[in-house]
Amino acid sequence: MPGKNLFNQLGKSCLLPFILLALIFGNTVSGWSQQDGVGLGVILGEPTGVSFKTWLGKNHAIDAAAAWSFGREDALHLHADYLIHNYSLLKFDNNTIPLYYGVGGRLKFEDNSRFGMRFPVGITFFIREAPIDLFLEIVPILNLAPDTDFDMNAAIGARYYF
């Protein structure tokens with residue numbers, strides 16, 4: 001399957017730059033400037049496209065994406081998630097790296113268009129003194145229509161906050 005090979009290649013090739021960026025910008029902020037405003041950026045992997053995030057409070061946010069899916073069939077992918085951030089689980093070099101998890105929905109427009117529930121789990125790196133975050137997420141999906149089955153998304157991304 002060409003889509004699966006592309007997904008594996010993207011996952012492997014995107015992980016190293018993400019780790020390098022996290023190490024370079026490893027000083028997470030104490031002021032959390034990214035928790036205000038609206039973040040707009042890119043999501044790379046499965047799917048690949050435009051990412052959006054808005055904070056509802058210190059620990060709660062909504063994210064969404066309009067992207068292209070390279071899975072079994074190339075397809076437009078739209079999703080939105082409600083996220084909860086936990087700041088106490090991961091610490092690296094005196095920096096807090098929030099773990100997030102949540103629930104959302106996905107529409108995938110292909111020959112047999114699908115609707116499913118998303119269950120994202122990821123980590124976020126806030127870049128010190130810059131309104132930018134980097135994220136890495138894995139997302140199990142329970143497809144509900146037209147068939148019930150399981151799927152998986154994984155991606156890295158970055159957002160700039162206005």
Side-chain angles (χ1 to χ4, degrees), residues 1-22 24-25 33-56 59-86 97-127 130-162:
M1 261 182 217
K4 293 294 180 187
N5 276 341
L6 180 61
F7 176 70
N8 288 337
Q9 290 171 352
L10 278 173
K12 290 175 185 173
S13 64
C14 291
L15 187 57
L16 181 60
F18 181 78
I19 291 170
L20 290 174
L21 284 172
I24 291 167
F25 299 110
S33 61
Q34 292 83 348
Q35 290 179 324
D36 293 328
V38 173
L40 185 62
V42 63
I43 185 169
L44 301 170
E46 177 56 29
T48 296
V50 178
S51 175
F52 161 88
K53 187 171 187 177
T54 186
W55 289 89
L56 303 175
N59 299 328
H60 304 276
I62 294 175
D63 80 346
W68 193 254
S69 177
F70 296 100
R72 286 175 232 134
E73 297 179 31
D74 292 346
L76 175 64
H77 169 115
L78 302 174
H79 76 251
D81 305 313
Y82 174 77
L83 303 175
I84 300 168
H85 295 72
N86 184 324
I97 302 166
L99 171 77
Y100 64 85
Y101 50 91
V103 64
R106 174 187 79 163
L107 290 171
K108 189 172 178 183
F109 299 97
E110 53 191 355
D111 288 341
N112 249 347
S113 292
R114 299 168 183 231
F115 168 74
M117 297 296 298
R118 290 172 39 95
F119 303 95
V121 175
I123 56 174
T124 300
F125 293 91
F126 296 114
I127 297 177
I132 296 171
D133 75 5
L134 305 172
F135 64 93
L136 170 67
E137 67 182 18
I138 296 173
V139 187
I141 299 169
L142 173 61
N143 289 313
L144 301 171
D147 301 327
T148 303
D149 63 358
F150 291 97
D151 208 347
M152 182 72 74
N153 284 161
I156 65 169
R159 295 183 201 95
Y160 178 85
Y161 285 82
F162 298 92

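By the side-chain hydrogen bond (donor to acceptor under 3.5 Å, both in side chains) test, D63 is found to be paired with no residue, residues two or more places apart in sequence or in another chain being considered. Here V103 pairs with M117, F119 under the side chain to side chain contact (heavy atoms under 4.5 Å, CB included) rule; sequence neighbours left out. Not counting sequence neighbours, the partners of A64 by the side chain to side chain contact (heavy atoms under 4.5 Å, CB included) test are F52, A80. Partners of D149 according to the side-chain hydrogen bond (donor to acceptor under 3.5 Å, both in side chains) rule, which considers only residues two or more places apart in sequence or in another chain, are N143. A search for side chain to side chain contact (heavy atoms under 4.5 Å, CB included) contacts involving F109 returns L76, L78, L107, S113, not counting sequence neighbours. Scanning for ring pair (Phe, Tyr, Trp, His ring centres under 6.0 Å) contacts around Y160 gives F162, with sequence neighbours left out. By the side-chain hydrogen bond (donor to acceptor under 3.5 Å, both in side chains) test, Y82 is found to be paired with H60, residues two or more places apart in sequence or in another chain being considered. For A158, the side chain to side chain contact (heavy atoms under 4.5 Å, CB included) partners are L134, not counting sequence neighbours. Evaluation of the side-chain hydrogen bond (donor to acceptor under 3.5 Å, both in side chains) rule for H79 yields H77, R118 as partners, not counting sequence neighbours.
Between atom CG of residue N59 and atom CG of residue L83 there is a gap of 11.5 Å, rounded to the nearest 0.5 Å. Within the model, atoms CG of L56 and CD1 of I84 stand 10.5 Å from one another, a figure rounded to the nearest 0.5 Å. Taken from CG in N86 to CD1 in I97, the straight-line distance is 12.5 Å, to the nearest 0.5 Å. To the nearest 0.5 Å, the span separating CZ on R159 from CD1 on I43 amounts to 7.5 Å.
The minimum heavy-atom distance between A155 and P47, with the atom names listed, is CB-O, 4.2 Å. Scanning both residues, L99 and I123, for their nearest heavy atoms gives CD1-CG2, 4.1 Å. Across all non-hydrogen atoms, the minimal contact from G105 to D81 is N-OD1, 4.2 Å.
Two residues are said to be in side-chain contact when any heavy atoms from C-beta on lie closer than 4.5 Å; F125 and L136 fail this criterion. You'll find the side chain of F135 stays beyond 4.5 Å of the side chain of I156, heavy atoms only. Here the side chains of R114 and R106 are in contact, with some heavy-atom distance below 4.5 Å. Contact of the T124 side chain with the K53 side chain is registered, since non-hydrogen atoms from C-beta on lie closer than 4.5 Å.
In this structure, E46 contributes its side chain and F70 its backbone to a donor-acceptor pair below 3.5 Å.
For the pairing with M152, the side-chain contact (heavy atoms from CB on, under 4.5 Å) check across I138, I141, V139 returns one residue only, I138.
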Stepwise side-chain contact (heavy atoms from CB on, under 4.5 Å) test for V38 and Y161: CA-CA 5 Å; V38 173; Y161 285 82; 5.9 Å; no

